[in-house]
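From a predicted model like this one, the values you see are computed outputs, not experimental measurements. Heavy atoms only: backbone and side chains are in, while hydrogens, waters and symmetry mates are out. Whatever order the structure lists them in is the order used to number ligands and atoms, beginning at 1.
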Amino acid sequence: MAKMWAGRTDGLTDSLADDFNSSIGFDSRMYKQDITGSMAHAAMLAACGIISQTEADTLIGGLEEILADIESGKLSIDMSCEDIHMFVEQVLTDRLGDVGKKLHTARSRNDQVALDVRMYLRDEVDTISLQIRDLIGAITEKAEEHKDTILPGYTHLQRAQPIVFGHHLMAYAMMLLRDLDRLSDTRKRMNISPIGCCALAGTTYATDRRFEAAKLGFDGISMNSLDGVSDRDFVAELLSALSILMMHLSRFSEEIILWSSWEFKFIELSNAYTTGSSIMPQKKNSDMAELVRGKTGRVYGDLMALLTTLKGLPLAYNKDMQEDKEGVFDACDTVKMCLPVFTGMISTMAVNKENMKAAAQKGFINATDLADYLVKKGLPFRSAYKISGQIVAKCIAEGKVLETLTLDEYKEFSPLFEVDLYGEIDLLTCVEKRISEGGTSPSSVEAQIRFVKEKLQ
Ligand code: ARG
């Protein structure tokens, strides 16, 4: 069949070229945005006297019917069409005759597709933001339960200082808060309307771009028509925000996987979020966390692909830009799958307090507190640090821990040691004393939880 744009050519493209050129396979998901955008366009054309009100009403009625028919399944999207824009216009013209042909006045597919993508993605941002809020809620709830559950905090994956599990969890809540912030920032620049930029240069019709933008819920219009049709920054920004979000989920996944191993046994994931092995009967694998970690790679890939596609493009629209959609749709789909699974996995995981405590009792993670004890008794920190290190070395050589050395043994290193040192190196005291803002003390964790809850309101 000849294309709607037949004229200059007969529009009889080779069928392989058709398949290659077509985007309906992936842009059909924007049917609703395309139709809603067209309704606003028809209304604007009438409001500006470019078409009559009766014609606009006919167009809008026809578009409403198409939308309803697609949603009820009465009208299936014809995959042999070039893209969703051509499909909708074709059906409209088939149904309404000549009036249908008026819809595309003062518009091009270049501004139309830019409009549709912005409208589609702003909804995706809203959905993903809600899912992130749910995850933060699940994390905060767990943190509340474990604001005095002691475990080792690590640096270099070596036991470093005692912390509470709630504190560790809340670190992820903070990252996710920033992810929310990044998404809402991205949404601001996304919510600018390109419609009315037309092919590239604007139009000779006396259109009202702001009328159309307002009707579609945009906060403003793009102020340069070349930029309006060729700007895909908002896609890159979204992919970048999603990549950072996935990076956070991936780090969290890595810890979940480690903590679930026999070597750690800090947590046990619910059966609902683990899998078995087809051969090894003893296995309980953290596949969900591994998949989230794995899928992070594909979201990064989507970002890289888009940036690479855009980097050499002259202004304004080039067909290369059709390649923007599959990647960003894939990234949104991936993130939307990961988040609810992750939330379920977190809220149902069991925490093994005893194993966390046992790990905290090994590794001399209270050695800093021992040094701080001497500092409080008047020794300069560097000297206190050295003495504590020597005491740790003695413990290692003799298979002891700081808690089991006698006071006499301590006094061999410094006369400043008194019996109150044992209270100072008690793990619970160690965390309770870390009251600096943002520290690991249970009271600080409570403050963090309050902060996050307020932010989410
Ligand atoms: N399917 C195209 C895309 O996704 C729509 C815009 C086509 N415009 C054009 N002049 N060929 O980018």
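Within the cation-pi definition used here (under 6.0 Å to the ring centroid, within 45° of the axis), R159 does not qualify as a partner of F364. The cationic group of R118 lies under 6.0 Å from the six-membered ring centre of F234 and within 45° of the ring axis, placing it in a cation-pi geometry.
The protein heavy atom nearest to atom 7 (C) of ligand 1 is Y317 OH, 3.5 Å. In terms of protein heavy-atom proximity, atom 2 (C) of ligand 1 is closest to Q322 OE1, 3.2 Å. Of the protein's non-hydrogen atoms, N110 OD1, 3.4 Å is the one closest to atom 9 (C) of ligand 1. In this structure, the protein non-hydrogen atom closest to atom 11 (N) of ligand 1 is R109 NH2, 3.7 Å.
Atom CZ of R189 has more than 12 neighbouring heavy atoms from other residues, nucleotides or ligands inside a 6.0 Å radius. Counting non-hydrogen atoms of neighbouring residues, nucleotides and ligands closer than 6.0 angstrom, the NZ atom of K32 reaches no more than 12 such neighbours.
For ligand 1, the atoms sitting less than 4.0 Å from at least one non-hydrogen atom of K325 are 3 (C), 4 (O), 12 (O), numbered in the order shown with element in parentheses. Within ligand 1, counting atoms from 1 as listed, the ones closer than 4.0 Å to a heavy atom of D83 are 1 (N), 2 (C), 5 (C).
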task: Using the salt bridge (charged side-chain N to carboxylate O under 4.0 Å, His left out) rule, take E82 and K319 through it: C-alpha gap first, then chi angles, then the decisive distance, then the call.
output: CA-CA 13 Å; E82 192 176 329; K319 191 73 172 204; 3.7 Å; yes
field: Working for side-chain contact (heavy atoms from CB on, under 4.5 Å), residues T348 and L269
entry: CA-CA 7 Å; T348 56; L269 293 178; over 6 Å; no
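Not a single N or O atom of H85, backbone or side chain, sits closer than 3.5 Å to an N or O atom of ligand 1.
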